[in-house]
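Each chain gets a letter, A, B and so on, in the order its sequence line appears, and its residues count up from 1.
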Amino acid sequence: MLETLITSALLAVVGIYCVVVKKNLIKKVIGLAIFTNSIHLLLISIGFREGGIAPIITQANLVGFAARAVDPLPQALVLTSIVIQLSVTALALSIAILAFRHLNTLNTDKMNKLSG
Amino acid sequence: MLEYIISILIVSSFLMLVLKRDLIAIGAILVSFFMMVLLFFQDQITIVRFGGWVPPFGIVWVMDGLSLFVGLLITGISSLVAIYSIKYIKERKHRFYTLLCLMTAGLLGVCLTGDIFNMYVFFEILSIASYGLVSFFLDEDAIEGAFKYIIIGSFGSSFILLGIALLYGVTGTLNFADLALKISHSPVFMIALGLIIGGFAFKAAIIPFHAWKPDAIEGTPTPIGAIFTTSSSAVGVYGIMRILFVFGMIQLNFALIGFGVLTMMVGALLALVQINAKRMLAYSSISQIGYVVMVIGFGTTLGLTSGLYHILNNALIKGLLFMGIGCVIYLTGKENLDEMGMNNTPLLICMGIGVLSMAGIPPLNGFVSKWLIFMASWEINPILTVLAIIASAITLAYGFKIFSSIFLSGKKSSGEIPKIMLVPVVILTILCVLIGIFPQLGLNIVEPAANALLNQNQYITAVLGG
Amino acid sequence: MDVIIRTIAKGIFPFIILLGFFIIFHGHLTPGGSFPGGAIVASGFALIAVAFGIKRAEMLVREKTLRIMEGIVAMIIVILLLYESFIREYIVSEGEMFGFWSAPEILSLNVVGGIMVMCALTLIVFLMIKE
């Protein structure tokens with residue numbers, strides 16, 4: 001439990017650093033993905049239970065299922081969030097392709113037409 | 001009935017991908033508006049339980065006075081924009097209307113749902129549709145604005161997700177009404193609330209988080225700029241209000257007052273120095289949202305009423321000004337204030353009323369809500385009133401700058417504005433004047449919303465079934 | 001791509017598709033369901049597109065077909081969701097517990113959702129390769 005929390009905090013720091021500091025458009029998108037994945041790790045670890053079983057009902061584990069299974073709700077939330085993350089990443093990458101076509105560079109310092 | 005409104009919008013947006021008829025989308029948005037109007041006459045909280053599950057377990061949609069008010073505003077503005085865009089958008093129309101439908105569905109979903117994760121999902125639907133709409137023209141400005149928006153916007157939504165994760169870890173529930181019963185005052189809980197409110201502040205473009213908005217609006221098609229400055233900001237503020245409401249924190253809040261005053265003043269000052277018309281209006285809307293955030297921080301009945309009233313008036317005025325500027329851009333193709341210029345009497349009257357109303361000149365609607373805001377802030381601290389009046393004066397200055405550079409520059413324009421583009425502008429102008437002369441009209445819509453915000457127990461019993 | 005990748009891709013492609021559809025169709029019984037299954041099927045198409053080129057992959061399924069299919073399937077999902085939330089209360093589904101037909105509503109949603117995910121992901125991959 002503590003290990004996953006520390007890992008997710010480290011990943012979040014890496015992600016935020018990557019989004020804020022890096023100048024390359026693709027690297028910014030990667031940083032965003034790392035940051036979101038750290039949140040997914042946190043969500044999954046919230047539902048974790050020491051020595052728990054998978055939250056699927058079968059004939060073998062009908063008795064005492066609720067007391068032993070891990071919480072399935074965070075897993076459903078993470079799955080939904082992964083789908084959202086996927087579409088945002090795809091959209092961001094396609095916009096990065098278009099930006100490269102217009103500016104011939106992926107450097108954000110060159111994207112300064114709109115400012116003020 | 002709530003679920004049909006959103007299903008109509010989502011089904012028609014996918015139908016557009018297959019059939020490519022613009023009328024489907026326009027019809028769907030208009031139908032959703034009329035259904036919201038029908039719901040307005042029901043005087044109670046409407047609840048939909050999906051799959052027949054009882055609230056703390058299943059997803060539930062709740063419509064109280066506040067949701068109804070924001071929903072009415074969203075669908076109204078969206079239908080006007082849909083009518084306006086028939087002529088404004090010339091190519092790839094079906095893509096535009098697909099995204100417009102999805103965006104309306106996302107905006108509506110955020111205010112109708114009673115489940116915090118469901119809210120996040122609709123928020124992301126709204127955000128993805130907005131990213132698509134900002135990059136719609138695919139030229140250099142649009143791509144740059146869209147990329148900035150996509151990075152900052154998804155960063156903000158990630159904070160909402162992080163807040164939801166922490167909230168679920170502390171309380172073990174996602175339903176608003178159930179959350180309201182399980183408030184704790186542990187630090188993790190407070191951090192979670194702060195993160196969620198911060199995420200919505202990105203959407204509402206409150207000043208430290210505003211950087212995406214002018215860029216996005218400069219790149220986007222002008223009618224979508226009208227949605228960004230009205231419905232999107234309203235939904236951001238709605239999210240903040242809903243979270244505060246659920247956790248019983250509608251009270252004197254110095255953080256909100258501080259951010260509100262900062263947003264109000266800095267937004268107005270930044271608007272003054274802009275040379276691009278769309279950018280100036282974007283900063284202006286940021287400044288107007290600052291007023292709303294400030295008065296929500298008061299937590300009084302008068303404060304909430306005036307804040308919600310100002311959301312309504314800001315929507316009418318910004319919709320009017322954006323669509324008016326859109327007409328000018330449609331004819332001249334220029335966006336810089338120095339180069340714009342035309343002579344057209346109906347548009348001149350409408351824009352003139354819009355500019356005066358934005359500055360809060362007495363017989364118009366802007367005055368009504370600003371007067372209420374001045375009264376509400378006088379109760380708390382007269383210094384806030386003085387600051388609000390100063391911001392109002394700056395508003396008059398840049399409003400006059402827009403008006404004079406378009407209509408008093410003496411430039412003539414060739415061509416004629418299509419009639420269908422003038423219809424929404426005229427409708428909004430009439431509404432502005434009507435609400436200014438009969439303030440009770442607006443109060444009829446706003447007061448149920450403010451009462452709903454102050455009556456938390458009613459919400460909880462309605463959802464959980466007392 | 002060289003001959004090793006092509007040969008392996010040719011051999012493994014049907015099994016990837018089979019695995020994907022197995023996961024989609026058993027979503028109500030085992031972990032997985034529409035999204036993982038659809039992603040596996042889409043990765044099969046992506047493998048063909050990488051190994052043999054986009055033209056060969058488009059002989060299997062065309063871009064326009066994917067677009068139209070996605071739109072139609074998305075509409076079916078919304079209609080199914082409405083069905084789930086209103087009519088389901090009045091229909092008692094009879095089925096043996098843990099059997100394949102135990103939950104026809106979830107099965108139908110999984111299948112439709114899986115096809116939608118497949119279409120969307122394949123479309124994204126195709127469009128990105130074409131750029």
Looking only at heavy atoms, what is the nearest atom pair of B/I150 and A/I95, with distance?
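Looks like CD1-CD1, 4.2 Å.
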Leading residue by heavy atom contact count with chain B [cutoff under 4.5 Å; candidates A/L73, A/T36, A/V29]:
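Maximum pair count with chain B is reached by A/L73.
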Out of A/T80, A/L77, A/T108, A/L91, which one racks up the most heavy-atom pairs below 4.5 Å with chain B?
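Going by pairs under 4.5 Å, I would pick A/L77.
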Check each atom of [X] against the heavy atoms of chain B and say whether the ones under 4.5 Å are side chain, backbone, both or neither.
X: A/L103; answer: side chain
X: A/V88; answer: both
X: A/L42; answer: side chain

Tell me whether A/I26 at atom CD1 has more than 12 heavy atoms from other residues, nucleotides or ligands lying less than 6.0 Å away.
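Yes, because the 6.0 Å sphere around CD1 of A/I26 holds more than 12 heavy atoms from other groups.
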Can you confirm whether more than 12 heavy atoms, excluding those of A/K27, are under 6.0 Å from its NZ atom?
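No, the 6.0 Å shell around NZ holds no more than 12 heavy atoms from other groups.
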With a 4.5 angstrom heavy-atom cut-off, which part of [X] approaches chain A: side chain, backbone, both or neither?
X: B/F147; answer: both
X: B/L174; answer: side chain
X: B/S158; answer: both

Report the relative orientation of the aromatic rings in B/F200 and B/F123; use parallel for angles under 30°, tilted for 30 to 60°, perpendicular for over 60°.
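The rings of B/F200 and B/F123 stand perpendicular, inter-plane angle above 60°.
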Tell me whether the rings of B/F202 and B/F209 are parallel (<30°), tilted (30 to 60°) or perpendicular (>60°).
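Tilted: the ring planes of B/F202 and B/F209 meet at 30° to 60°.
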Hydrogens and angles aside, do A/D71 and B/Y168 bring a side-chain donor and acceptor to less than 3.5 Å of each other?
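Short answer, yes.
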